[in-house]
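This structure is a prediction, so every number in the text was calculated from the model and none was measured. Labels below follow one simple rule: chain letters A, B, ... track the order of the sequence lines, proteins then strands, and each chain is numbered from 1. All values below come from the heavy atoms of this structure, side chains included, with hydrogens, waters and symmetry mates left out.
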There are 2 protein chains.
Amino acid sequence: MIGEEALAGLLKKPNLRMTRQRMIILEELRKVNTHPSADEVYEMVRKRLPRISLGTVYRNLEILSKTGEIQKLEPGSSLKRFDGNPHEHYHIRCIQCDRVVDAHMKCAFSFDDVPNEMRDFKIIGHKLEFIGLCPECVEDSLPA
Amino acid sequence: MIGEEALAGLLKKPNLRMTRQRMIILEELRKVNTHPSADEVYEMVRKRLPRISLGTVYRNLEILSKTGEIQKLEPGSSLKRFDGNPHEHYHIRCIQCDRVVDAHMKCAFSFDDVPNEMRDFKIIGHKLEFIGLCPECVEDSLPA
DNA sequence: TTTGCTGCAAATCCTTTGCAGAGGT
DNA sequence: ACCTCTGCAAAGGATTTGCAGCAAA
């Protein structure tokens, strides 16, 4: 889970406008719990705004996830990365430069309220990824 | 972390051949801890097999990650998904149909051996995703 | 010998971007 | 008014795929 405040504080841009398109995209996304893809959001929104473009949907999803209004369910960039080490370990990824390093640790869960759908999953494993700024990018982003 | 055995057991195909290309891709990936992209693997491997094609690299990375020899660092498909709920919760994704459902739980870490690079990261948050088969896909994959 | 794998190139899919006009604030 | 945002369409980048020959088992 991204700490929203931290991220919002880090990335929120000034001068954002609440357009009809942006608002409806957010509303539609809040209505469902199906984690739609950009294209699916486009289809949902199109029912209310037939003339909206896919490009606008992409642009707004990007902005809304940067301000912390929604979450993007794909860590890092769109580039897949491969790890020659098949053994249990986690990763930390720099949101700025997309670099990934290994993180060795244990991780324990305590379940609050497992939804039925999840109870019926056959769970094979899990992936944990920390998100942050790598040493170089921290330095670059600090005021000199 | 994917339970390799489980995954390997689930997805390993019979009749795989250990070709020169497949072996060298695996060897090169085992040598580094830099989590290269497919294209970077291609460049690494090209030094030893100048005539290998990018397509072959992609095909083998896919196979090696399905048999559990390596890990692919991008959960689910290449399709990004969006979640209208910005609050702290995790997800479980079906490896078969790519469906995502919410998982509400707490998660605690105990650090073994934090690498220096990680210590110097500015950590903003984390993402946890369980991987498994959803109820429908479990059913489909069972012998009738 | 069988049939999985390869190189090549084209195709596909998802996402991003340039532009000129529209519309928040 | 200012300047962000939009629709459209084209571009871009990553990944996949069809095919005919090659090579593990």
Side-chain angles (χ1 to χ4, degrees), chain A residues 11-29 35-67 69-82 95 97-98 100, chain B residues 11-29 35-67 69-82 95 97-98 100:
Chain A
L11 297 171
K12 184 170 260 173
K13 294 184 202 151
N15 310 326
L16 285 181
R17 291 175 186 173
M18 184 45 74
T19 61
R20 196 162 158 56
Q21 290 84 340
R22 185 164 299 161
M23 184 157 54
I24 290 180
I25 288 170
L26 182 55
E27 283 174 9
E28 291 300 312
L29 211 36
H35 313 83
S37 64
D39 203 69
E40 288 164 347
V41 172
Y42 175 56
E43 289 306 329
M44 290 156 60
V45 170
R46 219 131 81 99
K47 291 179 184 140
R48 293 174 61 189
L49 287 178
R51 300 191 49 77
I52 197 173
S53 74
L54 227 203
T56 296
V57 171
Y58 271 103
R59 277 183 288 231
N60 277 303
L61 289 172
E62 201 52 42
I63 289 172
L64 291 170
S65 72
K66 288 206 167 147
T67 61
E69 301 291 331
I70 65 172
Q71 287 187 58
K72 183 160 47 162
L73 300 193
E74 209 73 341
S77 74
S78 60
L79 205 71
K80 289 189 185 67
R81 296 191 166 278
F82 297 87
I95 50 171
C97 69
D98 199 47
V100 175
Chain B
L11 295 172
K12 184 168 263 175
K13 294 184 202 151
N15 310 328
L16 286 181
R17 291 177 186 174
M18 183 46 73
T19 61
R20 196 160 157 56
Q21 290 85 340
R22 184 164 299 160
M23 184 157 55
I24 289 180
I25 287 170
L26 183 55
E27 283 174 9
E28 291 300 312
L29 211 35
H35 313 84
S37 64
D39 203 69
E40 288 163 347
V41 172
Y42 174 57
E43 289 305 329
M44 289 157 60
V45 169
R46 219 131 81 97
K47 291 179 186 141
R48 293 174 61 189
L49 287 177
R51 301 189 49 76
I52 197 173
S53 75
L54 227 203
T56 296
V57 171
Y58 272 103
R59 278 182 287 230
N60 277 303
L61 289 172
E62 201 53 42
I63 289 171
L64 290 171
S65 72
K66 289 206 166 145
T67 60
E69 299 292 331
I70 65 172
Q71 287 188 57
K72 181 158 52 161
L73 300 193
E74 208 74 340
S77 73
S78 62
L79 205 72
K80 287 189 185 69
R81 297 192 165 277
F82 297 88
I95 50 171
C97 68
D98 198 48
V100 175

For [X] and [N], what is the distance between atoms [atom1] and [atom2] respectively, to the nearest whole Å?
{"X": "A:E62", "N": "D:dT4", "atom1": "CD", "atom2": "C1'", "result": "17 Å"}
{"X": "A:L64", "N": "D:dC5", "atom1": "CG", "atom2": "P", "result": "11 Å"}
{"X": "A:D39", "N": "C:dT12", "atom1": "CG", "atom2": "P", "result": "17 Å"}
{"X": "A:R81", "N": "D:dA14", "atom1": "CZ", "atom2": "P", "result": "11 Å"}
{"X": "A:E40", "N": "C:dC13", "atom1": "CD", "atom2": "C1'", "result": "14 Å"}
{"X": "B:Y42", "N": "D:dT15", "atom1": "OH", "atom2": "C1'", "result": "14 Å"}
{"X": "A:L61", "N": "C:dT17", "atom1": "CG", "atom2": "P", "result": "15 Å"}
{"X": "A:M18", "N": "C:dG23", "atom1": "CE", "atom2": "C1'", "result": "15 Å"}

Within the 4.5 Å heavy-atom criterion, are A:Q71 and A:H35 side-chain neighbours or not?
no
So, with a heavy-atom separation below 4.0 Å from DNA chain C, the residues of residues 19-27 of chain B are B:T19, B:Q21, B:R22
Closest approach of B:Y42 to B:L54 (non-hydrogen atoms, all atoms of both residues)
CE1-N, 3.5 Å
All heavy atoms of A:V57 vs all of A:A38, minimum pair found to be CG1-O, 3.7 Å
More than 12 heavy atoms of other residues, nucleotides or ligands under 6.0 Å from CZ of A:R48: yes or no?
yes
Verify the contact: side-chain N or O of B:N15 to OP1 or OP2 of C:dT2, cut-off strictly under 4.0 Å; return yes or no.
no
Side-chain N,O (A:Y58) to OP1/OP2 (C:dT15) below 4.0 Å:
yes
Stretch residues 48-56 of chain A: residues that reach within less than 4.0 Å of DNA chain D through a heavy atom
A:R51, A:I52, A:S53, A:T56
Touch check for B:N60, heavy atoms < 4.0 angstrom, all strands: base, sugar-phosphate only, or nothing?
sugar-phosphate
Start with the C-alpha gap between B:K72 and B:L61, add the side-chain angles, then the distance that decides, and say whether side chain to side chain contact (heavy atoms under 4.5 Å, CB included) holds.
CA-CA 8 Å; B:K72 181 158 52 161; B:L61 289 172; over 6 Å; no
Any salt bridge linking A:K47 with A:E28? Criterion: basic side-chain nitrogen under 4.0 Å from a carboxylate oxygen.
no
Do B:E43 and B:R46 sit within salt-bridge range, that is, some charged N less than 4.0 Å from a carboxylate O?
yes
Per nearest nucleotide of DNA chain C, the residue lying toward the 5' end, A:R59 or A:A38, is A:A38
From the list C:dT25, D:dT17, D:dT6, which nucleotide is the closest neighbour of the side chain of A:R17?
C:dT25
Has the side chain of B:R81 got a donor or acceptor atom that lies under 3.5 Å from a matching backbone atom of A:L73?
no
Which of these, B:T19, B:I70, B:L49, B:I52, sits in a side-chain contact (heavy atoms from CB on, under 4.5 Å) with B:I25?
B:I52
